[in-house]
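Presented below is the structure to which this report refers.
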Amino acid sequence: QVQLVESGGGLVQAGGSLRLSCAASGRTFSNYAMAWFRQAPGKEREFVAAITWSGGMTSYADSVKGRATISRDNAKNTLYLQMNSLKPEDTAIYYCAATVRGWGARNINEYDLWGQGTQVTVSS
């Protein structure tokens with residue numbers, strides 16, 4: 001069983017950048033397709049980006065396309081999310097998620113494992 005721990009969140013001004021990390025324990029990280037979701041106060045958890053097991057393909061929500069890059073390093077058991085040109089509406093708790101099913105799903109119910117989340121706050 002893989003456990004996920006996010007880090008890298010914080011307070012940043014609009015227009016700034018952050019790099020989120022998701023460290024996975026266990027030896028089977030490469031067996032999981034991965035994704036990032038986020039949840040703002042009073043809103044449902046929403047899809048941000050997804051990546052295949054090998055990292056060869058990625059998918060993004062329209063709201064972050066062109067500003068976000070998802071990547072993974074299977075040798076380091078780590079998933080990343082680089083966010084640039086941050087906006088106040090990007091403020092949320094960011095979660096990484098893992099699935100052994102098909103990659104790219106945007107429904108939270110398709111994911112088997114979740115981290116505890118890391119807070120990102122973007123000030124205007």
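Numbering of residues begins at 1 and proceeds along the displayed sequence.
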- Message: With heavy-atom distances below 4.5 Å as the criterion, would you say the side chains of Val12 and Thr121 are in contact?
- Response: no

- Item | Point-to-point distance, once rounded to the nearest 0.5 Å, from SG of Cys96 to CD1 of Ile70 | 9.5 Å

- Minimal non-hydrogen separation, Tyr32 against Val100, with atom names: CE2-CG1, 3.4 Å

- Please lay out, stage by stage, how Met83 and Thr69 fare under the test side-chain contact (heavy atoms from CB on, under 4.5 Å). CA-CA 7 Å; Met83 292 283 292; Thr69 302; over 6 Å; no

- Can you name the residues that form a salt bridge (Lys or Arg N to Asp or Glu O under 4.0 Å) with Lys43, not counting sequence neighbours? none

- Verdict with reasoning, Asp73 to Thr78, per side-chain hydrogen bond (donor to acceptor under 3.5 Å, both in side chains): CA-CA 5 Å; Asp73 186 336; Thr78 304; over 6 Å; no

- Mind checking the CG-OG spacing from Leu86 to Ser124? Nearest 0.5 Å is all I need. 13.0 Å

- Task: Return yes if some donor-acceptor pair links the side-chain N/O of Arg106 with the main-chain N/O of Tyr60 below 3.5 Å, else return no.
- Result: yes

- For Leu11, which fellow cluster members are found when Ile, Leu, Val, Met, Phe, Trp and Tyr are connected by side-chain heavy-atom distances below 4.5 angstrom, either directly or through intermediates? none

- Steps toward side-chain contact (heavy atoms from CB on, under 4.5 Å) verdict (Glu6, Ser21): CA-CA 6 Å; Glu6 300 94 336; Ser21 298; over 6 Å; no

- Can you name the nearest heavy-atom pair linking Ser59 to Phe47, along with the distance? O-CZ, 3.8 Å

- Rounded to the nearest 0.5 Å, how far does CG of Asp112 lie from OG1 of Thr99? 4.5 Å

- Message: Tell me if a side-chain donor or acceptor on Tyr111 pairs with a main-chain N or O of Ala105 at a distance below 3.5 Å.
- Response: yes

- Message: To check you understand the geometry: which heavy-atom pair defines the closest contact between Arg72 and Ala33, and what is its length?
- Response: NH1-CA, 4.1 Å

- Message: On a heavy-atom basis, which atom in Gly8 and which in Leu18 lie closest, and how many Å separate them?
- Response: O-CD2, 3.7 Å

- Donor-acceptor under 3.5 Å (Thr28 side chain, Asn31 main chain): no

- Query: Would Thr118 and Ile93 count as a side-chain contact (heavy atoms from CB on, under 4.5 Å) if you check the C-alpha gap in whole Å, the side-chain angles of each, and the deciding distance to 0.1 Å?
  - Reply: CA-CA 5 Å; Thr118 185; Ile93 299 174; 6.0 Å; no

- Item | Test side chain to side chain contact (heavy atoms under 4.5 Å, CB included) applied to Met34 and Leu4, Val2, Leu113, the passing residue | Leu4

- Query: Salt bridge or not for Lys65 and Asp62, using N-O below 4.0 Å?
  - Reply: yes

- Note on the structure: Rounded to the nearest 0.5 angstrom, the CD1-OH distance for Ile51 and Tyr80 is 11.0 Å

- Begin from the C-alpha positions of Val5 and Gln116 and carry the test side-chain contact (heavy atoms from CB on, under 4.5 Å) through to its verdict. CA-CA 7 Å; Val5 179; Gln116 84 291 346; 4.1 Å; yes

- Query: Can you tell me how far OG1 of Thr91 sits from CD of Gln119, rounded to the nearest 0.5 angstrom?
  - Reply: 7.5 Å

- Test of ring centre spacing under 6.0 Å for Phe37 and Tyr95: no

- Apart from Met57 itself, residues in the same hydrophobic cluster as defined by side-chain heavy atoms under 4.5 Å: Trp53, Trp103

- Query: For Ser17 and Asn84, which heavy atoms make the closest approach, and how far apart are they?
  - Reply: OG-OD1, 2.9 Å

- From CZ (Arg38) to CG (Leu81), nearest 0.5 Å: 9.5 Å

- Item | Exceeds 12 heavy-atom contacts within 6.0 angstrom, atom CD of Gln3 | no

